[in-house]
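Step one of this worksheet: look at the structure below.
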Amino acid sequence: MRYTFLGPAGTFTETALLAVPEVATSERFPSNSVPGALNAVRAGDADAAMVPIENSVEGGVTATLDAIALDNSLRIVREILVPIQFVLVAREHISLENITKISTHTHAWAQVRAWAEQRVPDAEYIPGPSTAGAALGLLTEHPPYDAAICAPAVAKTHPELKVLEENIGDNKHAVTRFVLVAKNPEIPAATGADKTTLAIPLPEDRPGALLELLEQFSTRGINLSRIESRPTGAFLGSYFFSVDIDGHIYDARVRDALRGLHRVSPDIQFLGSYPRADSRPTNIDPIHNEDSFDAARAWVETLFPQGRPENLQH
Ligand SMILES: O=C(O)C(=O)Cc1ccccc1
């Protein structure tokens with residue numbers, strides 16, 4: 001297996017990838033961006049990509065939500081949670097007082113806003129390709145900024161970088177959720193503690209369409225753990241919903257809900273069923289469990305003692 005990730009070495013995404021046991025004995029290479037990592041998988045240059053998808057402070061990583069749903073080739077096979085801690089680094093001669101420009105990944109910047117307002121209120125923010133990418137930029141000949149925000153490990157592997165402030169995240173319990181994405185993979189086995197990710201275009205000019213979509217979950221006792229609306233890009237006002245639900249496509253209630261969703265929104269995308277990182281089992285009301293679905297199907301069959309007419313398939 002060949003893995004790629006939002007690089008360079010030292011990003012939080014690399015930490016997430018290294019938490020996958022198989023990675024230790026496989027090849028891995030950094031990509032410059034989330035779309036770049038996903039395209040490497042689409043092109044067959046990598047078998048799987050680790051990318052950030054959701055943060056407990058900032059919400060969804062829009063670059064990832066949009067890029068995964070671009071076509072039907074990619075699916076999530078695993079999720080990893082990483083606790084996030086940030087440090088401020090700079091070259092030896094720089095101190096907090098003479099910082100005028102700071103770079104980091106936009107998601108990191110969003111998570112240190114209160115700290116920045118207090119400690120470096122006049123510093124200008126320069127968006128970086130990733131946290132580690134911004135830090136390594138400081139080692140170039142004429143860096144266009146004088147400090148960066150990254151993981152503590154980056155400073156440890158680069159002694160030329162000095163840690164000016166530690167643990168600067170506004171929320172000390174911030175966690176980022178990362179997903180491992182592969183091309184047309186086998187669906188991971190159901191564990192009883194699973195999630196399924198969907199991208200559901202909102203039908204246009206249909207009053208109540210969102211309610212009709214959500215009803216498909218509620219009538220089957222399916223819990224949503226994330227829902228975000230994203231513009232499709234087609235035109236102003238055109239949206240899709242990026243949704244995570246508790247359950248696996250091997251669960252009858254989930255397949256039943258997918259059929260219902262497809263009737264409301266035929267371009268729905270299934271983006272994978274995979275085990276939850278926290279292994280918390282899904283609570284299923286008995287009327288929505290496998291036995292109930294089997295019994296309901298069997299009962300309908302008994303209504304045709306002579307067998308179903310041929311044109312009655314479902
Ligand atoms: O840039 C990184 O290190 C990343 O992995 C993206 C990111 C940035 C901030 C919080 C979590 C992930």
Side-chain angles (χ1 to χ4, degrees), residues 3-20 23 28-41 46 48-68 76 78-90 101-116 125-140 143-145 147-158 161 163 165-181 226 228 242 244 277:
Y3 294 91
T4 190
F5 59 98
L6 170 64
T11 59
F12 294 106
T13 312
E14 190 191 38
T15 303
L17 184 62
L18 292 172
V20 177
V23 169
R28 68 173 190 275
F29 68 92
S31 289
N32 290 333
S33 66
V34 166
L38 296 176
N39 283 339
V41 177
M50 185 65 81
V51 290
I53 191 167
E54 180 185 7
N55 187 282
S56 63
V57 180
E58 261 293 291
V61 179
T62 51
T64 301
L65 299 176
D66 296 350
I68 293 185
I76 300 170
R78 188 171 189 136
E79 68 169 10
I80 298 283
L81 302 179
V82 177
I84 302 290
Q85 270 202 29
F86 299 106
V87 295
L88 179 74
V89 296
K101 291 183 176 148
I102 299 184
S103 183
T104 191
H105 190 266
T106 47
H107 252 250
W109 186 245
Q111 292 179 56
V112 300
R113 256 185 221 130
W115 166 85
Y125 169 56
I126 312 286
S130 67
T131 54
L136 294 192
L138 291 170
L139 305 179
T140 57
Y145 44 86
I149 292 166
C150 60
V154 178
K156 291 208 180 87
T157 47
H158 295 280
L161 294 174
V163 175
E165 300 248 320
E166 276 180 310
N167 205 4
I168 62 175
D170 298 336
N171 179 334
K172 306 295 178 224
H173 308 289
V175 172
T176 293
R177 180 176 161 233
F178 295 83
V179 288
L180 189 64
V181 176
R226 182 182 60 82
E228 272 158 292
S242 175
D244 290 339

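Positions are given from 1 along the sequence. Both counts, for ligands and for their atoms, begin at 1 and track the order of listing. Predicted model only: the values in this text are computed from it and were never measured.
- When atom types are taken as modelled, the side chain of Y125 and the backbone of T104 share a donor-acceptor pair closer than 3.5 angstrom.
- Shown here are the salt bridge (Lys or Arg N to Asp or Glu O under 4.0 Å) partners of R177, two or more places apart in sequence or in another chain: E54, E79, D244.
- Listed by chain and residue number, T4 satisfy the side chain to side chain donor-acceptor pair (under 3.5 Å) test with S31 (two or more places apart in sequence, or in another chain).
- Take F86 and apply the ring-ring contact (aromatic ring centres under 6.0 Å, His included) test, not counting sequence neighbours, and it matches F12.
- The OG1 atom of T11 lies 5.5 Å from the CG atom of L6; values are rounded to the nearest 0.5 Å.
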Residues V51, V181; criterion side chain to side chain contact (heavy atoms under 4.5 Å, CB included); working and verdict: CA-CA 8 Å; V51 290; V181 176; 4.2 Å; yes
Provide, line by line, the atom pairs where ligand 1 and the protein bring an N/O atom each to a distance under 3.5 Å; else say none.
residue  : atom  : partner : partner atom : Å
ligand 1 : 1 (O) : T131    : N            : 2.7
ligand 1 : 1 (O) : T131    : OG1          : 3.3
ligand 1 : 3 (O) : F12     : N            : 3.0
ligand 1 : 3 (O) : T131    : OG1          : 2.3
ligand 1 : 5 (O) : F12     : N            : 3.4
ligand 1 : 5 (O) : T13     : N            : 3.0
ligand 1 : 5 (O) : T13     : OG1          : 2.5

